[in-house]
Amino acid sequence: MGQHLISAKQLSRADIERVLDHAAALDRDSPTDRRSGTLLGLCFFEPSTRTRLSFEAAIKRLGGDALDMGAIEASSVTKGETLADTVRVLAGYADALVLRHPSEGAARMASEFVSVPLINAGDGAGQHPTQTLLDLYTIRENVGLDDLSIGIMGDLKYGRTVHSLSLALTNFDTTQHLISPESLRLPRGVRYDLEAAGASVQEHTDLDPVLPDLDVLYVTRIQRERFPDDAEYRAIAGEYRIDATALDDAKEGLIVMHPLPRVEEIAPDVDETPHARYFEQAKNGVAVRMALLDLALGGGGIFAERETGSLADWNEGEDSP
Amino acid sequence: MNGPDRDDRSERDDRGETDGGHDHELRVTKIRDGTVIDHVPGGLALTVLGVLGIDGSAGEVVSVGMNVPSDRLDRKDVLKIENRELTRDELDVLSLIAPAATINIVREYNVAGKHRVERPEQVSGVLSCPNPDCITAGNEPVVPTFDVLEEGVRCVYCGTILGAEGADLSEHADIG
Ligand SMILES: [Zn+2]
């Protein structure tokens with residue numbers, strides 16, 4: 001059935017195209033009652049107002065409603081209830097759940113305990129697949145997803161949007177240029193997947209040499225807390241900022257993307273260039289989440305079933321000591 | 001099948017090469033009850049002991065042959081652990097470090113069971129995830145589960161990879 005969306009790893013090219021096509025159709029027709037009477041549970045165990053609002057806008061535009069379960073969770077969590085118990089309870093109140101949680105693998109685990117569709121809206125430094133789908137949508141609308149040269153720059157180690165995007169892009173004919181400081185390169189697990197997928201990936205510490213080749217430059221924020229001291233942070237983060245002048249050597253059609261919020265990594269003067277796409281990207285989040293929710297609530301499953309099966313299957317043959 | 005010399009016969013499979021001396025030496029340490037782990041890659045015996053949580057502090061009698069010439073492995077380690085039989089979980093973890101190992105369960109000097117370890121596609125409940133931010137690190141009702149890769153294993157929840165190198169695995173073994 002493939003009813004849960006946990007990781008970009010589960011997305012095949014056909015899956016992605018199905019969601020993006022549906023998003024484009026919903027974007028054109030802006031329906032208002034396709035899912036009237038449905039309730040979406042928003043379970044945010046860490047704050048992310050933007051993502052939460054984007055899901056809320058999506059379900060309301062489909063004619064459904066959202067339950068913000070934040071308050072319930074906060075009180076249960078402080079009482080020491082497990083996530084597994086919490087989601088089992090919440091699943092009884094809603095037709096689908098959206099989960100954001102600080103622990104990696106939280107969505108995968110939670111999905112094993114619920115029978116309604118569950119969508120991962122970010123689990124720690126792990127996966128953030130709905131962001132990936134809206135990124136892909138934005139890329140496809142602007143420059144297409146094949147024969148693409150994309151630069152992904154900034155914090156590639158902790159940036160979950162980057163992990164998901166990079167994996168999903170392996171479904172397409174793309175060359176990925178990963179641009180980051182040495183200390184913030186992609187983690188081993190993601191690297192392993194990229195290799196296994198036969199991805200065409202090149203790593204760089206400097207944007208300038210690859211900029212002229214790029215169709216897309218995806219910028220992410222380098223956070224202060226990744227560095228032991230302020231001076232080191234300032235020195236390194238400063239090298240991964242762009243402004244309008246820095247893009248002089250770029251292709252005319254280059255698009256610049258960012259998951260937002262940005263702080264200093266993209267100077268405001270880039271907003272005025274024809275390259276900027278980050279606000280459009282954020283807006284696309286609603287259409288893509290509408291498409292996902294519509295498919296999830298339609299009962300047919302979001303995707304074809306692959307490797308996100310239930311853990312219960314694996315435990316059957318287990319010997320206990 | 002279970003003749004009294006079965007334990008030693010497995011050594012003989014490897015003889016015929018450089019020296020017959022090790023055969024003799026190992027016969028000296030022939031055990032009455034316990035487990036003989038043979039065909040461990042040369043030099044990994046101590047890692048295997050680490051993974052099994054055997055450090056001698058519980059008084060176990062353990063004989064170790066290291067870098068014994070072998071047909072199959074070039075150099076192999078052999079471990080004899082008295083009064084201890086390995087559980088399925090322990091065999092699963094062992095398979096990750098020493099995929100070619102053979103296990104002889106010895107009872108009253110007889111080999112009561114002899115098997116090769118099998119590499120499972122997944123291991124559950126025998127390793128803990130080293131990622132402190134992994135959902136399995138908390139108090140959730142979930143069994144840490146790893147996909148077995150060609151080299152190493154990978155947490156199915158957070159994706160963290162534990163290396164094939166024994167040190168990595170023994171540090172996170174959670175069996176017994
Ligand atoms: Zn883990």
Which is it for A/His4 and A/Arg108 under the side-chain contact (heavy atoms from CB on, under 4.5 Å) test, yes or no, and what are the steps along the way? CA-CA 9 Å; A/His4 308 299; A/Arg108 166 78 190 246; over 6 Å; no
Under the side-chain contact (heavy atoms from CB on, under 4.5 Å) test, which residues partner A/Val263, sequence neighbours left out? A/Arg221, A/Glu265
For B/Asn131, is it the side chain, the backbone, both or neither that has a heavy atom under 4.5 Å from a heavy atom of chain A? side chain
Between A/Gly189, A/Ala110, A/Gly124, which has the largest tally of heavy atom pairs under 4.5 Å with chain B? A/Gly189
Does A/Arg289 make a cation-pi contact with A/Phe55 (under 6.0 Å, within 45 degrees of the axis)? yes
Picking from B/Thr160, B/Asn139, B/Leu149, which has the most non-hydrogen pairs under 4.5 angstrom with chain A? B/Leu149
For the OG1 atom of A/Thr161 and the CD atom of A/Gln131, what is their distance to the nearest 0.5 Å? 6.0 Å
